[in-house]
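What you see is a predicted model, and the numbers here were worked out from it, not measured in a lab. We count ligands from 1, going down the list as the structure has it; atoms in each ligand are counted the same way.
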Amino acid sequence: MDKSLLSSVAEEFKKAQRILVISHVRPDGDAIGSILGLGLSLQIAGKAIQMVSADGIPTSFRHLPGSSQVAKQPDGHFDLIVFVDCADIDRVGDVLKDYPPPDINIDHHPTNTHYARFNIVDPNAVATAEILAEKMSFFDLWINQEVATALLTGIVTDTLGFRTDNTSPKALRFAADLMEKGADLPSLYYRSLIQRPFEAVRYWGAGLSQLKREDRIVWTNLSLADRESAGYSGRDDADLVNVLTTINDVDLVVIFIEQTNGRVKVSWRARPGYDVAKIAQVFGGGGHTLAAGAEVDGKLEDVQERVLKSTRKLIENR
Ligand SMILES: [Mn+2]
């Protein structure tokens, strides 16, 4: 990475007094871990920091040190606005509509649009938190136990526990460094990836009991009635899709989740060699080649039929 870019960013951090650190809507572990990791380390350096996540903090990350300081919207004026883990400028939601454009963009998405004055974008990093772990000393920022815990949470969650294709020796070395700085890997791994509410698992039960298979496709649906009888409060699939991807000899997994707005949320997962983002785009959604989603107007059964028809074509045309 360009040394002068890094020095310029280090200089910006040094000059600024009031700094906003913000990440994307519907935040994941890397969004939260990056906000907290950078935010807390800037606080240690004596800066006045606001950390913002428009959708708040998901329950599974509320145990992280500093999470109670994260607000849903910014307040006041800032010398520096920093986006972390955001591929494009709109991903932060509309909470920044009265603010100037971002100064610094730190991200690892290959689709990043380089929207800030300074863009530190590394698509080879497994997580934005990995980039931060690497650059922190360059910015003269300190990684204490709390910062290390936040950053390791970002790395662990974006790699689904060091098992995604892009998991690298470099990421493992940073993870080891962060453990040496005090991050408790087994505990944060359990809390952010393994542990879940009883209601979520009951909700899985509804999906699992209706599981269907045809050739190399597996699918199921989750209705509003399933959600209610399980007592599950989320509008998502409670990560059931990641359970279904563990099934042998299956190339494609699809989940249909009925929503209250007359729409159906569809989630695809694929083994390497397919591109589910393409089908998701046909239905107005998007994503990555191996993981994509869409929200489709219509009744559960109708959407299921239309989507499966397109999904079968993927296998036929392979
Ligand atoms: Mn990320």
Side-chain angles (χ1 to χ4, degrees), residues 1 9 20-41 51-58 60-61 64 66-67 70 81-93 102 104-116 118-136 143 147-168 170-175 177-178 183 185 188-189 191-193 236 239 241-242 245 267 269 277 280 285-293:
M1 188 166 292
V9 171
L20 173 70
V21 182
I22 187 167
S23 190
H24 57 81
V25 290
R26 280 178 275 116
D28 53 18
D30 191 27
I32 300 299
S34 298
I35 293 177
L36 290 171
L38 181 60
L40 295 176
S41 67
M51 297 183 270
V52 171
S53 163
D55 288 333
I57 298 207
S60 45
F61 305 116
L64 288 172
S67 67
V70 177
I81 296 180
V82 187
F83 280 33
V84 287
D85 202 44
C86 293
D88 63 72
I89 199 162
D90 297 324
R91 284 281 281 153
V92 294
I104 298 170
N105 157 25
I106 304 175
D107 185 34
H108 70 125
H109 291 96
T111 53
N112 190 289
T113 57
H114 295 245
Y115 47 80
F118 299 100
N119 302 283
I120 298 179
V121 177
D122 179 5
N124 295 316
V126 297
T128 299
E130 181 194 318
I131 304 176
L132 290 171
E134 184 176 18
K135 309 300 183 206
M136 228 49 131
I143 301 182
V147 173
T149 301
L151 295 180
L152 189 52
T153 298
I155 292 174
V156 162
T157 52
D158 258 19
T159 58
L160 301 176
F162 305 111
R163 65 189 173 90
T164 51
D165 288 11
N166 60 350
T167 301
S168 63
K170 192 176 167 196
L172 289 165
R173 283 190 193 100
F174 283 119
D177 285 349
L178 295 169
L185 175 69
L188 67 86
Y189 193 115
R191 295 177 94 149
S192 56
L193 285 175
D236 53 15
D239 290 333
V241 75
N242 290 328
T245 54
S267 216
R269 292 292 183 280
H288 306 277
T289 53
L290 305 184

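By the 4.5 Å heavy-atom criterion applied to side chains, Asp30 and Glu130 are not counted as neighbours.
Not one N, O or S atom of Asp107 sits under 2.8 Å from the Mn ion (ligand 1). For the Mn ion (ligand 1), the N/O/S atoms of Asp158 include one lying under 2.8 Å. At a cut-off of 2.8 Å, His108 is counted among the residues with an N, O or S atom near the Mn ion (ligand 1).
Note on Asp85: its N/O/S atom closest to the Mn ion (ligand 1) is OD1. Looking at Asp30, its N, O or S atom nearest to the Mn ion (ligand 1) turns out to be OD2.
Side-chain atoms of Asn112 come within 3.5 Å of backbone atoms of Cys86 as a donor-acceptor pair (strictly under, hydrogens ignored).
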| task | Start with the C-alpha distance between Val82 and Ile22, add both sets of side-chain angles, then the distance that settles side-chain contact (heavy atoms from CB on, under 4.5 Å), and finish with yes or no. | result | CA-CA 6 Å; Val82 187; Ile22 187 167; over 6 Å; no

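The CG atom of Asp85 sits 12.5 Å away from atom CG of Leu38, with the distance rounded to the nearest 0.5 Å.
The two atoms that bring Phe61 and Asp28 nearest to each other are CE1-C, 3.9 Å, heavy atoms only.
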